[in-house]
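Just below is one structure, and these are the notes that go with it.
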Amino acid sequence: MKRVRRVGILTSGGDCPGLNAAIRAFVKLALRKGVEVWGFSDGWEGVVEGRYRILKARDVSGILPQGGTILGTSRFNPLKSERDVRRALANLDELDALVVIGGNGSIHIAHAFQEMWGKVIFIPKTIDNDIWGTESIGFNTAVEVATALIDRLHTTAESHRRVFVVQLMGRHTGWITLYAGMAAGADVMVIPEFPMSEEKIAEYVMRRKRMGKNFSIVAVAEGVRYARQREHNVGIYLQRYLARELEIETRFVEIGYVLRGGTPTAYDRLMAHEMGHFAFVLLEEGRFGCMTAYNGYVERGLPIREAVGRLKTVPAEEYFAALPYFG
Ligand code: F6P
């Protein structure tokens with residue numbers, strides 16, 4: 001097997017807590033094994049433009065608990081232009097491997113470069129937790145933060161006898177909404193995987209009212225859409241609907257980017273650390289085109305191509321285990 005001498009690493013897509021823990025683990029191990037690491041700036045933009053710095057031990061020192069990414073990130077997609085692909089391939093020429101830490105958009109790019117160039121390792125990250133076959137860095141922290149915020153809304157909802165419609169991030173899936181909603185004792189969770197009519201939501205709120213509970217928390221994932229919805233935010237649409245239909249004071253709250261910021265939970269730090277570690281092991285083993293899938297422990301052999309174009313959605317068993325507790 002060819003000795004690994006020089007490797008690149010980048011973060012791509014939305015930032016999230018835990019990226020730095022993964023970068024740190026990977027870079028530390030690489031440096032200890034005498035491997036040079038190029039840290040590309042701002043995701044694939046840095047690869048196309050040849051913007052990188054050679055990472056030293058001091059660059060990754062003290063970053064374990066820090067949110068964001070020391071490398072910077074972007075949603076830039078080099079596949080949109082043949083010229084960018086050529087420039088990226090030329091800039092990768094001196095490397096023995098590239099580690100891509102990314103989400104569902106980045107996995108497509110990682111896969112395409114694996115097909116063209118053959119030396120890509122992928123680490124999954126996204127607060128949405130929707131990368132197929134694995135848990136993702138950032139999700140655990142997002143659930144913790146969302147739970148704490150919904151807890152806080154509870155007190156005002158109860159004191160003022162209000163309905164809060166809380167919209168949470170999650171473009172295609174309802175993982176954050178269902179998990180944080182359940183953990184914080186929200187009353188209705190509306191997620192893209194299992195559509196629920198406006199009438200049904202109102203019914204849950206009214207059922208609570210009949211039981212003497214004059215307040216409710218309705219958690220909805222941003223990716224939910226209704227046929228009659230004209231508002232950009234589904235949460236605003238539902239809040240207006242409930243205000244119109246029910247004689248109850250309603251409020252809308254959006255929990256967005258705060259879920260992606262700040263310090264990672266211990267769980268995310270540890271998972272990210274393991275993924276960073278095993279990304280290096282994978283490339284030492286020459287197992288390119290693989291990702292560090294995590295399902296309680298790192299399964300390091302999952303081919304990237306198996307996860308491309310697939311979405312990890314909330315399974316029916318989980319949703320229907322939560323449903324009896326709505327309302
Ligand atoms: O994929 C993670 C995510 O935070 C989604 O939940 C959200 O819809 C999206 O990114 C926002 O993206 P951007 O940072 O480009 O606004």
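Whatever order the structure lists them in is the order used to number ligands and atoms, beginning at 1.
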**Message:** Distance under 4.0 Å to a non-hydrogen atom of Gly170: what atoms of ligand 1 satisfy this?
**Reply:** 6 (O)
**Item:** Glu222 neighbourhood, listing ligand 1 atoms whose heavy-atom distance to it stays under 4.0 Å
**Value:** 5 (C), 6 (O), 7 (C), 8 (O)
Checking a contact table here: which protein heavy atom is nearest [atom], and how many Å away?
| atom | result |
| --- | --- |
| atom 1 (O) of ligand 1 | Arg171 NH2, 2.8 Å |
| atom 6 (O) of ligand 1 | Asp128 OD1, 2.7 Å |
| atom 15 (O) of ligand 1 | Arg75 NE, 2.6 Å |
| atom 11 (C) of ligand 1 | Arg260 NH1, 3.5 Å |
| atom 16 (O) of ligand 1 | Tyr257 OH, 2.4 Å |

**Message:** Between Glu231 and Tyr241, is the side chain to side chain donor-acceptor pair (under 3.5 Å) condition met? List the steps.
**Reply:** CA-CA 11 Å; Glu231 293 78 356; Tyr241 173 86; over 6 Å; no
**Prompt:** Any side-chain heavy atom of Phe40 sitting closer than 4.5 Å to one from Leu98?
**Reply:** yes
**Prompt:** Can you find a non-hydrogen atom of Gly103 under 4.0 Å from ligand 1?
**Reply:** no
**Asked** Would a line drawn from the ring center of Trp117 to the ring center of Phe113 be shorter than 6.0 Å?
**Response** no
**Message:** Out of the candidates Val99, Leu270, Thr292, Ile101, only one should pair with Met275 under the side chain to side chain contact (heavy atoms under 4.5 Å, CB included) rule; please name it.
**Reply:** Thr292
**Request:** Evaluate side chain to side chain donor-acceptor pair (under 3.5 Å) for Glu274 paired with Tyr297, printing each intermediate quantity in order.
**Result:** CA-CA 8 Å; Glu274 277 196 41; Tyr297 58 91; over 6 Å; no
**Message:** Ring-plane angle category for Trp38 and Tyr52, please: parallel below 30°, perpendicular beyond 60°, tilted otherwise.
**Reply:** parallel
